[in-house]
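Okay, so here's the structure we're looking at.
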Amino acid sequence: MIYLDNSATTKPYKEVLDAYRTVAEDFFANPSSLHRKGGEAERLLRQARKSISELLNVSLSEVVFTSGGTESNNLAIKGVALQYMNRGKHLITTQIEHASSMRSFQQLENMGFEVTYLPVDTNGQISINDLENALTSETTLVSIMHVNNEIGAIQPIKDIGHKIKERSKALFHIDDVQGIGKVPLDFNDVKADLISYSAHKFHGLKGNGLLLKKRSVALFPLLSGGGQENEIRSGTENVPGIVAMAKALRLYFDSATTKKDKLEGWRKKLVGELPKIVGIELNSSGIAAPHIINFSVRGIKPEVLIHTLEEKDIYVSTRSACSSKAAETSHVLTAAGFPVERAKTAIRVSLSYDTTDEQIEIFLSELQKAISKLKHVMR
């Protein structure tokens with residue numbers, strides 16, 4: 001199998017599955033329980049939080065456990081908007097955010113908030129001048145994706161953070177679900193107040209995520225109940241998943257240290273070879289992440305090409321997995337100025353540190369054969 005859909009989800013490490021199974025079987029008690037078994041589960045929870053905080057260079061109190069990137073984004077965006085609505089009801093984001101962010105902002109608009117959606121250029125980047133002009137005394141939050149999940153565009157996050165703090169009192173949230181471990185980001189260096197992560201993007205398990213939150217930031221909780229996670233996110237903690245997430249993050253960072261050059265090499269190979277295939281147009285260019293390559297194939301429906309490659313046990317995707325089954329044009333590509341027809345025929349290849357040279361060579365060969373075959377059939 002050649003799996004090139006890692007931006008949708010990654011295969012869990014074996015050690016991660018082993019950790020989950022051990023904790024689920026032997027430390028199944030509720031960490032809020034007063035008895036010894038509850039105390040054992042609570043200690044594992046504390047150890048996992050400590051491990052994650054050290055890996056991400058943040059304090060223990062800045063780590064909030066969630067169910068994944070979608071919840072982290074919703075909690076950051078709605079939590080800030082509702083908590084600070086007495087200060088102002090103006091919010092800023094971009095036109096190319098993930099659905100979990102876009103729909104959060106749309107919900108807030110329906111509740112009376114004003115949202116500015118910053119445009120992007122052909123590389124998928126916003127203009128710092130546009131951001132500066134959008135900031136007002138009523139702005140309470142700027143939420144921007146670090147690495148775009150469809151085309152891999154990297155935003156100038158450090159410049160954005162400094163501009164926000166220089167020109168306003170707004171809080172700064174970063175969706176870093178696609179960037180972690182592949183495009184460096186320091187929570188403290190970029191002037192961020194909140195950052196979202198999802199475990200299954202770095203070989204952890206689905207249903208676990210993180211929201212990094214500065215201690216000075218208050219959030220309106222979306223879930224009420226027992227007051228877990230310092231009253232921010234109630235609900236019995238998924239201790240096996242959290243322990244597994246800590247294990248995944250450590251192993252993932254180890255891979256990033258030793259294999260980052262390989263990832264860059266694979267991207268360079270794909271960016272160089274894909275345009276040589278008749279009919280392919282690259283959509284990922286300029287400043288982009290090393291693991292996401294987006295391209296369009298003129299005259300071929302992406303779902304047909306995907307299923308043709310699938311016959312060879314090769315797996316790629318169209319857009320975000322959350323939107324891939326919807327018969328809509330990519331809002332990311334249209335926002336970046338690409339023609340509708342090109343946006344409708346986009347394919348996304350997303351790599352991991354487990355990708356190999358051989359897999360890249362086979363993919364390029366089979367892709368060329370698939371396109372040739374489909375064009376012949378369609379004559």
With salt bridge (charged side-chain N to carboxylate O under 4.0 Å, His left out) as the test, would you mind laying out the steps for Glu71 and Arg233 before giving the verdict? CA-CA 10 Å; Glu71 185 188 344; Arg233 199 267 184 185; 2.7 Å; yes
Evaluate the criterion side chain to side chain donor-acceptor pair (under 3.5 Å) for residue pair Ser296 and Asn283; output intermediate values, then yes/no. CA-CA 7 Å; Ser296 295; Asn283 301 323; 2.9 Å; yes
Given Ser53 and Glu62, is the side chain to side chain donor-acceptor pair (under 3.5 Å) satisfied, shown in steps? CA-CA 8 Å; Ser53 69; Glu62 291 175 330; over 6 Å; no
Verdict with supporting geometry, Glu114 and Glu109, side-chain contact (heavy atoms from CB on, under 4.5 Å): CA-CA 6 Å; Glu114 178 191 355; Glu109 283 184 294; over 6 Å; no
Derivation and outcome, side chain to side chain donor-acceptor pair (under 3.5 Å), residues Asn294 and Ser284: CA-CA 5 Å; Asn294 189 295; Ser284 294; 5.4 Å; no
Quick one: do Leu211 and Ile195 satisfy side-chain contact (heavy atoms from CB on, under 4.5 Å)? Show the steps, please. CA-CA 6 Å; Leu211 179 64; Ile195 303 184; 5.9 Å; no
Begin from the C-alpha positions of Glu40 and Lys37 and carry the test salt bridge (charged side-chain N to carboxylate O under 4.0 Å, His left out) through to its verdict. CA-CA 5 Å; Glu40 291 174 352; Lys37 297 301 290 183; 3.0 Å; yes
List the steps, then state whether side-chain contact (heavy atoms from CB on, under 4.5 Å) holds for Phe27 with Val243. CA-CA 11 Å; Phe27 301 92; Val243 170; over 6 Å; no
As a quick check of understanding, evaluate side chain to side chain donor-acceptor pair (under 3.5 Å) for Ser196 and Asn73, giving each step before the final call. CA-CA 6 Å; Ser196 299; Asn73 285 342; 2.8 Å; yes
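Taking every heavy atom of both residues into account, Ala76 and His173 meet most closely at CB-CD2, 3.5 Å. The two residues Glu42 and Pro31 make their nearest non-hydrogen contact at CB-O, 3.6 Å. Scanning both residues, Ser234 and Gln228, for their nearest heavy atoms gives CA-OE1, 3.5 Å. Across all their heavy atoms, Met145 and Asn148 have their closest contact at SD-CA, 3.1 Å. In this structure, Ile347 and Pro302 approach most closely via the heavy-atom pair CD1-CB, 3.6 Å. The shortest non-hydrogen separation linking His200 to Thr10 is O-OG1, 2.7 Å.
Of the N and O atoms on the side chains of His98 and Asn149, not one donor lies less than 3.5 Å from an acceptor on the other residue. His90 and Thr116 are linked by a side-chain donor-acceptor pair at a separation below 3.5 angstrom, with hydrogens and angles left out of the test. A donor and an acceptor atom, one from each side chain of Ser7 and Gln178, are located under 3.5 Å apart. If you check the side chains of Lys182 and Tyr252, you find a donor sitting under 3.5 Å from an acceptor. Checked by atom type, the side-chain pair Ser104/Ser101 shows no donor-acceptor distance below 3.5 Å. No side-chain N or O of Glu311 forms a donor-acceptor pair with one of Thr308 less than 3.5 Å apart. Side-chain atoms of Arg87 and Thr140 form no donor-acceptor pair, as typed in the model, at a separation below 3.5 Å. With no hydrogens or angles considered, a side-chain donor-acceptor pair links Ser72 and Thr66 at under 3.5 Å.
By the neighbour-count criterion of 12 heavy atoms within 6.0 Å, atom CG of Asn188 is densely surrounded, having more than that number from other residues, nucleotides or ligands. Heavy-atom contacts from other residues, nucleotides or ligands closer than 6.0 Å to CD1 of Ile287 number 12 or fewer. Atom NZ of Lys262 has 12 or fewer neighbouring heavy atoms from other residues, nucleotides or ligands inside a 6.0 Å radius. Counting non-hydrogen atoms of other residues, nucleotides and ligands closer than 6.0 Å to CD of Glu358 gives a total of 12 or fewer. Around the NZ atom of Lys214, the shell of radius 6.0 Å holds more than 12 heavy atoms that belong to other residues, nucleotides or ligands. A 6.0 Å sphere centred on CZ of Phe253 holds more than 12 heavy atoms belonging to other residues, nucleotides or ligands. Around atom CG of Asn230, no more than 12 heavy atoms belonging to other residues, nucleotides or ligands sit under 6.0 Å away.
Salt bridge present: Arg298 and Glu281 bring a charged side-chain N and a carboxylate O closer than 4.0 Å. Ion pairing of Glu229 with Arg49 is present here, as a side-chain N (NZ or NE/NH1/NH2) and a carboxylate O approach within less than 4.0 Å. Using a cutoff of 4.0 Å between basic side-chain nitrogens and carboxylate oxygens, Lys165 and Asp193 are scored as salt-bridged. Ionic pairing of Arg267 and Glu264 is not present here: no N-O contact between side-chain nitrogen and carboxylate oxygen is shorter than 4.0 angstrom. The residues Glu132 and Lys163 are annotated as salt-bridged, a charged nitrogen and a carboxylate oxygen being separated by less than 4.0 angstrom. A salt bridge links Lys269 with Glu361: at least one charged nitrogen is closer than 4.0 Å to a carboxylate oxygen. A salt bridge links Asp189 with Lys158: the closest approach of a Lys/Arg side-chain nitrogen to an acidic carboxylate oxygen falls below 4.0 angstrom. Taking a cutoff of 4.0 Å between a charged side-chain nitrogen and a carboxylate oxygen, Arg21 and Glu25 do not qualify as a salt bridge.
Counting only heavy atoms from C-beta outward, the side chains of Ile92 and Leu141 never approach each other to under 4.5 Å. Inter-residue side-chain proximity for His331 and Glu150 is flagged as met; some heavy-atom pair is nearer than 4.5 Å. Here the side chains of Ile2 and Asp313 are not in contact, with every heavy-atom distance at 4.5 Å or above. Between Leu44 and Val23 the shortest side-chain heavy-atom distance falls below 4.5 Å. Using a 4.5 Å cut-off on side-chain heavy atoms (C-beta onward), Asn6 and Tyr353 make no contact. Within the 4.5 Å cutoff, the side chain of Phe105 has heavy atoms near those of the Tyr117 side chain. Ile300 has its side chain within reach of Lys375: a pair of non-hydrogen atoms, C-beta onward, lies under 4.5 Å apart. Contact annotation: the side chain of Lys259 approaches that of Asp354 to within less than 4.5 Å [non-hydrogen atoms, C-beta and beyond].
For Tyr84 (side chain) and Ala218 (main-chain N/O), a donor-acceptor pair under 3.5 Å exists by modelled atom type.
Between Met245 and the choices Leu205, Ile52, Asn238, the side-chain contact (heavy atoms from CB on, under 4.5 Å) rule is met once, by Ile52. Among the candidates Val80, Leu75, Asp175, the single residue satisfying the side-chain contact (heavy atoms from CB on, under 4.5 Å) test with Leu194 is Val80. Checked options Ile280, Leu274, Val278; the residue passing with Val297 is Ile280 (criterion: side-chain contact (heavy atoms from CB on, under 4.5 Å)).
Linking Ile, Leu, Val, Met, Phe, Trp and Tyr whenever their side-chain heavy atoms come within less than 4.5 Å puts Leu4 and Leu309 in one cluster. Side-chain heavy atoms closer than 4.5 Å link hydrophobic residues (I, L, V, M, F, W, Y) into clusters, and following such links, even through other members, never connects Ile232 to Leu56. In the hydrophobic cluster analysis, where Ile, Leu, Val, Met, Phe, Trp and Tyr join through side-chain heavy atoms closer than 4.5 angstrom, Val316 is grouped apart from Tyr3.
Judged by the 6.0 Å and 45° rule, Lys312 forms no cation-pi pair with Phe363.
Aromatic ring pairs are classed by plane angle as parallel below 30°, tilted from 30° to 60° and perpendicular above 60°; the pair His203 and Tyr13 is parallel.
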